[in-house]
Amino acid sequence: MFHSLVGANFASANLRGAKIFKSNLELTNLKNADLTEANLSLSNLSGADLQAANLSLANLRSVNFRDANLSQSILKKAKLCGANLSGADLTGADLSGADLSGANLGGVNFARANLAGIKLIRSNFNGGNFKGLVLGGANLRWSKFAGACFMGANLRGANLERTDLTNTDFFQADVTGANLCDADFNKATLAGANLSGAVVKRANFLNAYLSGANFKGTNLSWSIMKKANIDNRGIFAEANCSGCSWT
């Protein structure tokens with residue numbers, strides 16, 4: 001059964017643990033509502049106003065949030081697998097620990113959002129903007145980020161194993177202790193990035209710009225460094241470069 005609540009006003013309502021799955025909540029007003037642990041799976045919330053709503057631990061699997069206002073919302077550890085967030089506004093939202101695997105994130109505004117510890121496994125975010133965002137400990141493995149911007153982002157301890165990072169911008173990003181094994185950095189910019197202590201085995205740095213990057217204690221074993229733009233080979237003095245191909 002598909003329940004219709006189009007345009008309903010639930011502003012500031014207490015809906016903790018509510019079961020409103022498979023419902024039509026298009027254009028609904030849920031501003032400041034408490035939806036902690038609620039089940040909204042398979043519902044339509046396109047164009048809904050969820051500004052500052054609390055959706056912590058909520059089941060939001062396959063929910064349609066297209067063009068929804070989720071600014072300042074709390075989505076800690078929410079399950080957003082397969083959700084459609086295209087065009088949604090997540091400015092200043094707290095998504096720490098949320099599972100966004102397989103979600104549609106086209107055109108999402110993540111400005112000032114907290115994405116620490118999120119799961120974005122096997123997701124497509126080519127051209128995405130993560131500039132200055134907190135992604136520490138995030139699980140992003142096997143995802144596509146071609147052309148994405150991570151300028152100044154915090155990716156400390158993040159899992160970026162087997163990710164497509166071609167043409168990405170990691171200028172002054174903090175990737176300390178991250179897992180970057182088998183990542184593709186072809187034509188990527190890592191100028192001034194901090195990769196100290198990161199594990200970057202078998203990565204591809206073909207044509208990458210590495211000037212001023214910090215590789216102290218970095219494991220770069222068996223990585224491809226051919227045609228990489230390196231102003232000073234000394235940046236690898238304290239890195240493990242065994243088996244790397246340079247020519």
Side-chain angles (χ1 to χ4, degrees), residues 2-120 123-135 138 140 145 148-150 153-154:
F2 196 78
H3 304 286
S4 180
L5 294 163
V6 175
N9 186 359
F10 292 109
S12 301
N14 183 353
L15 296 166
R16 293 177 66 92
K19 297 180 180 179
I20 321 175
F21 53 91
K22 293 185 179 180
S23 299
N24 188 357
L25 294 155
E26 185 179 3
L27 302 176
T28 299
N29 183 359
L30 287 157
K31 188 174 181 179
N32 295 304
D34 186 354
L35 289 150
T36 304
E37 296 185 286
N39 184 352
L40 295 163
S41 59
L42 299 169
S43 292
N44 177 20
L45 282 125
S46 59
D49 187 356
L50 291 129
Q51 183 179 6
N54 189 345
L55 293 145
S56 298
L57 298 168
N59 183 351
L60 306 171
R61 295 177 185 274
S62 301
V63 169
N64 180 11
F65 283 112
R66 186 180 182 86
D67 297 324
N69 180 6
L70 287 153
S71 60
Q72 308 301 322
S73 61
I74 302 172
L75 291 146
K76 290 183 178 180
K77 297 184 179 179
K79 296 178 178 66
L80 287 148
C81 308
N84 179 8
L85 286 152
S86 58
D89 184 1
L90 282 153
T91 302
D94 185 352
L95 290 120
S96 53
D99 190 347
L100 290 149
S101 300
N104 182 348
L105 302 169
V108 174
N109 184 358
F110 280 122
R112 301 187 303 281
N114 182 357
L115 303 174
I118 65 166
K119 294 180 181 179
L120 250 176
S123 296
N124 187 335
F125 208 87
N126 290 337
N129 185 4
F130 294 97
K131 183 178 179 179
L133 297 184
V134 178
L135 288 147
L140 310 171
F145 295 97
C149 178
F150 290 96
N154 178 350

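This chain uses plain numbering: 1 for the first residue, then up along the sequence. Values reported hereafter were calculated over all heavy atoms of this structure, with side chains retained and with hydrogens, waters and symmetry mates removed.
- Here the CG atom belonging to Leu27 is positioned 12.5 Å from the CG atom belonging to Asn9, to the nearest 0.5 angstrom.
- Shown here for Leu115 and Ala138, the closest heavy-atom pair between the two residues is O-CB, 4.1 Å.
- Of the possible polar contacts, one joining the Ser123 side chain to the Gly102 backbone as a donor-acceptor pair under 3.5 Å is found.
- For the side-chain contact (heavy atoms from CB on, under 4.5 Å) test, residues two or more places apart in sequence or in another chain that qualify with Lys131 are Asn129, Cys149, Met151.
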side-chain contact (heavy atoms from CB on, under 4.5 Å) evaluation trace for Leu45 with Leu60: CA-CA 10 Å; Leu45 282 125; Leu60 306 171; 5.7 Å; no
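- Of the residues Leu95, Asp99, Leu75, the one that meets the side chain to side chain contact (heavy atoms under 4.5 Å, CB included) test with Ile118 is Leu95.
- Here the closest heavy-atom approach between residue Ser23 and residue Ser43 is recorded as N-OG, 3.0 Å.
- When all heavy atoms of Asn32 and Ala52 are compared, the closest pair comes out as OD1-CB, 3.2 Å.
- Between the NZ atom of Lys31 and the CD atom of Gln51 there is a distance of 4.5 Å, given to the nearest 0.5 Å.
- In terms of heavy atoms, Phe65 sits closest to Ala88 at O-CB, 3.7 Å.
- To the nearest 0.5 Å, atom CG of residue Asn14 and atom CG of residue Asn54 are 10.5 Å apart.
- Partners of Lys76 by salt bridge (charged side-chain N to carboxylate O under 4.0 Å, His left out), not counting sequence neighbours, listed by chain and number: Asp94.
- Rounded to the nearest 0.5 Å, atoms CG (Asn69) and CG (Asp89) are 5.5 Å apart.
- A donor-acceptor pair shorter than 3.5 Å can be found between the side chains of Thr91 and Asn109.
- To the nearest 0.5 Å, atom CG of residue Asn59 and atom CG of residue Leu40 are 8.0 Å apart.
- By the side-chain contact (heavy atoms from CB on, under 4.5 Å) test, Glu37 pairs with Leu57, sequence neighbours left out.
- Here the closest non-hydrogen pair linking Ser73 and Leu90 is OG-CD2, 4.4 Å.
- In this structure, Leu80 CG and Ser62 OG are separated by 10.0 Å, a value rounded to the nearest 0.5 Å.
- The heavy-atom pair separating Ala53 from Leu30 by the smallest distance is CB-O, 3.6 Å.
- Aromatic ring orientation, Phe145 versus Phe130: perpendicular (interplanar angle above 60°, classes split at 30° and 60°).
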